[in-house]
Amino acid sequence: MTAQYTTSAIEPQAVPVAVDPVYQPVIDVYVSEINKVASVWRLFDDGVLDYRPHPKSMCVRDNFKHELLSGRRFFSEFLGLAEPDASTVVPEPITVEACVARLAHLARARLPGLARQQQAWWETPVTFFDVERPRVWVFWRRVLHTAHHRTQLTVYLRLLDRPVPPIYGPTADHTWSGADPTTTVEAARR
């Protein structure tokens, strides 16, 4: 079962069933990560797209562009899926909602190609920059890369004094009855 969000970029009914059930978690985690990214992106507005907390940091706009473009590269060059031409990936003009919509559109289009793959495809080694790795390894690397940049943006939100959405559990801004974060030794012993 995929995580539920107040507003989802990809609704649960749009998640395909993997031909090989062993790889259903791949599909579900990818959808969940896209929904997490969209929930973070939506907390920005167009007036802060050029915000960067440090001169060496990417601004919000560049982070959005990087996620869209690097996602296209990972799925095309490294995993071998059909992707749109790179020149069409970044919306023009760049707005928060246009980037969220493009993120969701690109991810939805990838789902059928991922869902129809068998174990042999996932385990086939492919070139990943200067090394060979199984496709499933490259896929998880993509998820981690996306999570890395999503997390950067949650720091930006906090520095802009904006709410940080719950990603894996409650935050200082969002909690709920039954939330049980592990912040004590006693909780960790459970």
Side-chain angles (χ1 to χ4, degrees), residues 2-10 29-79 81 83-111 127-131 133 137-176 179 181-183:
T2 58
Q4 303 297 310
Y5 297 89
T6 306
T7 58
S8 293
I10 302 174
V29 168
Y30 180 62
V31 169
S32 177
E33 186 59 33
I34 294 302
N35 285 332
K36 288 173 176 67
V37 170
S39 72
V40 169
W41 286 12
R42 285 184 173 128
L43 292 173
F44 291 95
D45 60 65
D46 297 341
V48 296
L49 288 174
D50 292 320
Y51 172 77
R52 71 180 75 233
H54 186 276
K56 292 182 179 179
S57 299
M58 280 196 287
C59 68
V60 175
R61 173 191 322 274
D62 289 345
N63 198 302
F64 289 6
K65 285 173 52 178
H66 174 68
E67 176 60 29
L68 296 170
L69 291 169
S70 68
R72 189 249 178 239
R73 182 178 183 192
F74 264 73
F75 285 99
S76 177
E77 179 182 351
F78 303 135
L79 293 180
L81 296 180
E83 287 283 319
D85 184 78
S87 67
T88 68
V89 170
V90 178
E92 187 58 46
I94 292 177
T95 66
V96 172
E97 279 310 309
C99 288
V100 169
R102 187 63 51 86
L103 175 77
H105 173 79
L106 292 167
R108 270 191 226 97
R110 293 174 183 133
L111 292 174
T127 300
F128 180 70
F129 295 104
D130 60 347
V131 297
R133 295 287 186 263
W137 185 95
V138 173
F139 172 83
W140 289 119
R141 184 65 176 255
R142 176 70 229 163
V143 171
L144 292 171
H145 184 91
T146 297
H148 161 72
H149 288 293
R150 172 181 43 78
T151 303
Q152 284 181 321
L153 290 176
T154 63
V155 173
Y156 289 24
L157 287 170
R158 184 60 73 216
L159 293 171
L160 287 166
D161 200 26
R162 298 196 177 191
V164 174
I167 298 296
Y168 301 110
T171 69
D173 304 301
H174 301 277
T175 192
W176 51 89
T182 306
T183 58

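Residue indices begin at 1 and follow the sequence shown. Just so you know, these numbers come straight off a predicted model, no measurement behind them.
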K.L.:
Under the rule for side chain to side chain contact (heavy atoms under 4.5 Å, CB included), what residues qualify as partners of Gln152, not counting sequence neighbours?
P.N.:
Met58, Asn63, His148, His149
K.L.:
Are Arg73 and Glu83 ion-paired here, with the side-chain N under 4.0 Å from a carboxylate O?
P.N.:
no
K.L.:
Treating Arg133 as the side-chain partner and Val138 as the backbone partner, does any N or O pair qualify as donor plus acceptor under 3.5 Å?
P.N.:
no
K.L.:
For Pro84 and Arg72, work out which heavy atoms get closest and say how close.
P.N.:
O-NE, 2.7 Å
K.L.:
Is Arg142 salt-bridged to Glu67, cutoff N-O under 4.0 Å?
P.N.:
yes
K.L.:
What's the spacing between Ser76 OG and Asp85 CG if we round to 0.5 Å?
P.N.:
10.0 Å
K.L.:
Side-chain contact test, heavy atoms from C-beta onward, threshold under 4.5 Å: evaluate it for Leu157 versus Pro165 and give yes or no.
P.N.:
yes
K.L.:
How far does CD1 of Ile94 sit from CG of Asp50, to the nearest 0.5 angstrom?
P.N.:
9.5 Å
K.L.:
Kindly assign one of parallel, tilted or perpendicular to the pair Phe44 and Tyr156, based on the angle between their ring planes and the thresholds 30° and 60°.
P.N.:
perpendicular
K.L.:
Any non-hydrogen side-chain atom of Val155 less than 4.5 Å from a side-chain atom of Pro53?
P.N.:
no
K.L.:
Does the side chain of Phe64 reach to within under 4.5 Å of the side chain of Leu103, using non-hydrogen atoms?
P.N.:
no
K.L.:
If we only count heavy atoms from C-beta on, is the Thr151 to Ile167 side-chain gap below 4.5 Å?
P.N.:
no
K.L.:
Can you find a pair of side-chain heavy atoms, one from Arg141 and one from Phe78, that are under 4.5 Å apart?
P.N.:
no
K.L.:
Is a donor on one side and an acceptor on the other found under 3.5 Å between the side chain of Ser70 and the backbone of His66?
P.N.:
yes
K.L.:
Which residue pairs pass the salt bridge (charged side-chain N to carboxylate O under 4.0 Å, His left out) test with at least one member in residues 143-171, sequence neighbours excluded?
P.N.:
Glu33-Arg150, Asp45-Arg162, Arg158-Asp173
K.L.:
If I take atom CG from residue Leu69 and atom CG from residue Leu106, how far apart are they, to the nearest 0.5 angstrom?
P.N.:
9.5 Å
K.L.:
Start with the C-alpha gap between Thr146 and Tyr30, add the side-chain angles, then the distance that decides, and say whether side-chain contact (heavy atoms from CB on, under 4.5 Å) holds.
P.N.:
CA-CA 10 Å; Thr146 297; Tyr30 180 62; over 6 Å; no
K.L.:
Hey, does Trp140 have a side-chain heavy atom less than 4.5 Å from the side chain of Val29?
P.N.:
yes
K.L.:
Evaluate Phe74 against Phe128 for ring pair (Phe, Tyr, Trp, His ring centres under 6.0 Å), listing each step before the verdict.
P.N.:
CA-CA 9 Å; Phe74 264 73; Phe128 180 70; 5.6 Å; yes
K.L.:
Once rounded to the nearest 0.5 Å, what's the spacing between atom CG of Leu43 and atom OG1 of Thr154?
P.N.:
10.5 Å
K.L.:
Say whether, by atom type as modelled, one donor and one acceptor occur between the side chain of Arg108 and the main chain of Ile10 under 3.5 angstrom.
P.N.:
no
K.L.:
Going from OG on Ser39 to CD1 on Ile34, what distance comes out if it is rounded to the nearest 0.5 angstrom?
P.N.:
11.0 Å
